[in-house]
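Numbering of residues begins at 1 and proceeds along the displayed sequence.
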Amino acid sequence: MTLESEILDVNSFKLESSREIQSVIRDLEKLNKDNVLIHIISFIHNTVLVQSLKNELAKILPNAKIVLLKHEDKAKTQLTIYSLKKEIDPQNLSDEIAKELYTRAVEESSSVKEYRNKLFSRYFTDHLTNLPNTYKLRNDLDEFKEFSLVVFNIDNFQMINNFYGYIVGDYVIEKVGKFLKENIPQHHIYKLSGDEFAFIIDREIGFYELKDYLEELYEKMKNIIIEYQDINIYVDFTLASSANRDSKNIFSKVSMALKYAKEIGAKYWIYEDRMNFENEYERNLKLSGIVRDAVENLRVLPYFQAIVDTKTLEIKKYECLARLIDKNGKILSPALFIPVAKKIKVYNIVTKAIIDKSFETFENSEFEFSINLSIEDIMSSEIFNFIIQKLKNSKASRRVIFELLESDAVEDFKKVDRFISEVKRYGARIAIDDFGSGYSNFGYLTRMNADFIKIDGSLVQDIDVDRNALFIVETIVEFAKKLGIQTIAEYVHSSVIMDIVKKLGVDYSQGYYIDEPSIGLLKKDN
């Protein structure tokens, strides 16, 4: 079926099998490629027909907005394509098409009026649960002068989806929606995006009353069990709300409370202005911008800290420490910018920049140099291949030491073993960093096939005043000697500490007493 006008074309098809797709595609090849909205309406979306149709449409109409909707006809899939023949902001496409359909409905037959109503209903209804959606919630909130908004989030939905598959995931979402409707019938339930639901309490509630309400609600609903083909699926969840009298930005406030509740493992959390969540978000956004700008403008670079032979105090090695320089010349430590780099997905770029510049610095040097790698670096095929290529093509390959963070939990030793074996083929060596903290165990040493142990600085810095720290360091040194592994003491901050590590037989020393991290190298006779 095709409906045409001066402003809007509507093309509609019904398909029963994927064999019909190419015929439909041929009919659409001459279609205007701009301002196109596509509805694929079917009983189930995870079918070969729907997914193939969606992929083919994306090829010929790459700028089109594709929406998957649900109907009860199990045999047929309906395809409706709206093409708007005027210049508009793409974000307003759905609204403009809805307005055009409304105008046409007024002017044309009652059947089109009925279709218009269905179209509006689709935009305000979640196709999976048939509950009102986010748009309906926002619309309804405008009708309330006083209200409290509560958001319900399924904690383990991603795990359920990954383990059982999307069909079971959709089934769980449906059943949770039904469970909420049955257990809190006094409130209208809304289905938000992903694994979130919400409901409105039609009056303003103070903090302590809201706290009691959420506590009671959590206890009432905490044992949600979804049965699927004789399998019991247990649903965990978190609640969030806001006790702030100002309803401006209510969604972002409740979302911040929900995120915080998940971070600290709370059953629920209530937003209050005094928590200053906005300031933290603002700081994180600002820091994200600083990190992104520094990465794009190549202001991520290594600083170097000397490592000396403990007996002779002669410089033998340098550790390459990541630093970021902002546009004002301020230096940021990795503890500040590395977590942000991971969140904004530029961490691999940072790692490669440090590796590249470190190799460049020591390419024609006599010094050994060490580069820190996290477990994420080792597990990344991109970083692994980058390191191997660097080792193949550099004269410094036999002088590089890769420091693996001992405090990182290692879940896949096969990948770690492969990494160590491959880099050692090119003459590189391995150090275990921060040994004596985190997941320490001496069996770790034999599995990692390490050449060096860097004794954790939190132990070394206190060996002059803490007998337990002294005993642990002494034990590590003795054990390492029996295994033929050399030791490096970190955080050597005074002559007293230097004398103690020398007496203990530590092979190398590093710390502010010897050298502070800097952009250049010390002279060998320093």
Side-chain angles (χ1 to χ4, degrees), residues 151 153-159 161-162 192-196 236 238 240 249 251-266 269 271 275-303 320-358 371-387 403-412 415-416 419 433-434 437-439:
V151 170
N153 178 265
I154 302 174
D155 297 335
N156 58 333
F157 180 71
Q158 190 65 50
M159 184 176 69
N161 230 10
N162 292 342
L192 308 185
S193 61
D195 51 6
E196 289 185 3
D236 304 318
T238 302
N249 298 324
F251 278 94
S252 63
K253 290 171 181 176
V254 176
S255 294
M256 285 188 279
L258 181 65
K259 183 176 183 292
Y260 185 72
K262 285 178 169 290
E263 284 177 355
I264 66 173
W269 199 261
Y271 174 90
M275 294 171 181
N276 293 321
F277 283 153
E278 289 96 334
N279 293 341
E280 183 182 346
Y281 274 73
E282 185 179 352
R283 284 194 300 271
N284 288 339
L285 286 172
K286 185 178 179 180
L287 188 54
S288 296
I290 291 171
V291 172
R292 197 180 298 278
D293 176 71
V295 169
E296 289 175 355
N297 290 284
L298 307 177
R299 293 198 305 272
V300 176
L301 66 161
Y303 270 42
C320 307
L321 301 162
R323 295 293 185 267
L324 180 146
I325 315 296
D326 72 11
K327 62 183 179 181
N328 298 316
K330 182 180 178 182
I331 302 169
L332 276 67
S333 75
L336 190 60
F337 73 82
I338 289 296
V340 176
K342 290 179 180 179
K343 284 184 180 178
I344 63 175
K345 296 180 172 58
V346 296
Y347 176 64
N348 276 9
I349 301 175
V350 170
T351 300
K352 289 195 285 188
I354 297 301
I355 293 171
D356 204 34
K357 292 176 182 179
S358 297
I371 299 172
N372 291 287
L373 296 179
S374 69
I375 290 300
E376 291 155 285
D377 294 322
I378 296 172
M379 297 299 170
S380 167
S381 57
E382 179 185 350
I383 298 299
F384 175 80
N385 291 329
F386 182 81
I387 288 172
E403 295 189 17
L404 311 184
L405 290 173
E406 192 273 340
S407 55
D408 283 355
V410 179
E411 296 179 359
D412 189 347
K415 285 191 175 181
V416 176
F419 174 85
D433 197 12
D434 294 340
S437 67
Y439 298 86

Item to check | Check against side-chain contact (heavy atoms from CB on, under 4.5 Å), I387 and L373 | outcome: CA-CA 11 Å; I387 288 172; L373 296 179; 3.8 Å; yes
Checklist entry - So F384 and I378, side-chain contact (heavy atoms from CB on, under 4.5 Å) or not? Walk me through it. => result CA-CA 6 Å; F384 175 80; I378 296 172; over 6 Å; no
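Across S333 and F337, no two heavy atoms sit closer than the pair O-CD2, 3.0 Å. Residues A341 and V350 approach most closely at CB-CG2, 4.2 Å, considering heavy atoms. For the residue pair S358 and I371, the shortest heavy atom distance occurs at CB-CD1, 3.8 Å. When all heavy atoms of W269 and A257 are compared, the closest pair comes out as CB-O, 3.4 Å. Closest approach of R323 and P334 over heavy atoms only: NH1-CD, 3.3 Å.
In this structure, D236 contributes its side chain and N156 its backbone to no donor-acceptor pair below 3.5 Å. D293 places no side-chain N or O within donor-acceptor distance of the main-chain N or O of G289, the cut-off being under 3.5 Å.
Counted by atom type alone, N153 and T238 present zero donor-acceptor pairs between their side chains at under 3.5 Å. S374 and D377 share a side-chain donor-acceptor pair at under 3.5 Å.
In this structure, CD1 in I383 is found 7.5 Å from OH in Y347, a value given to the nearest 0.5 Å. Here the CG-CG distance, from L324 to L336, works out to 9.0 Å after rounding to the nearest 0.5 Å. Here CG of L287 is found 11.5 Å from CZ of R292. Values are rounded to the nearest 0.5 Å. Here the CG atom belonging to N372 is positioned 10.5 Å from the CD1 atom belonging to I355, to the nearest 0.5 angstrom. Atom CD1 of I349 and atom CD of E382 lie 8.0 Å apart (nearest 0.5 Å). Here CD1 of I375 is found 12.5 Å from OG of S380. Values are rounded to the nearest 0.5 Å.
A salt bridge is defined here as a Lys NZ or Arg NE, NH1 or NH2 lying under 4.0 Å from an Asp or Glu carboxylate O, and D326 with R299 fails to meet this definition. Electrostatic pairing of E263 and K259 counts as a salt bridge here, judged by a charged N lying under 4.0 Å from a carboxylate O.
Among residues two or more places apart in sequence or in another chain, the side chain to side chain donor-acceptor pair (under 3.5 Å) test is passed with N385 by none.
Of the residues listed (K342, K345, K415), the one engaging E376 in a salt bridge (charged side-chain N to carboxylate O under 4.0 Å, His left out) is K342, and it is the only one.
Residues M379 and V416 are in side-chain contact: their nearest non-hydrogen atoms beyond the backbone lie under 4.5 Å apart. Taking 4.5 Å as the limit, some side-chain heavy atom of F386 sits within range of a side-chain heavy atom of D356. Within the 4.5 Å cutoff, no side-chain heavy atoms of L404 are placed close to those of D433.
Within the structure, salt bridge (Lys or Arg N to Asp or Glu O under 4.0 Å) contacts touching residues 327-338 (residues at least two apart or in different chains) do not occur.
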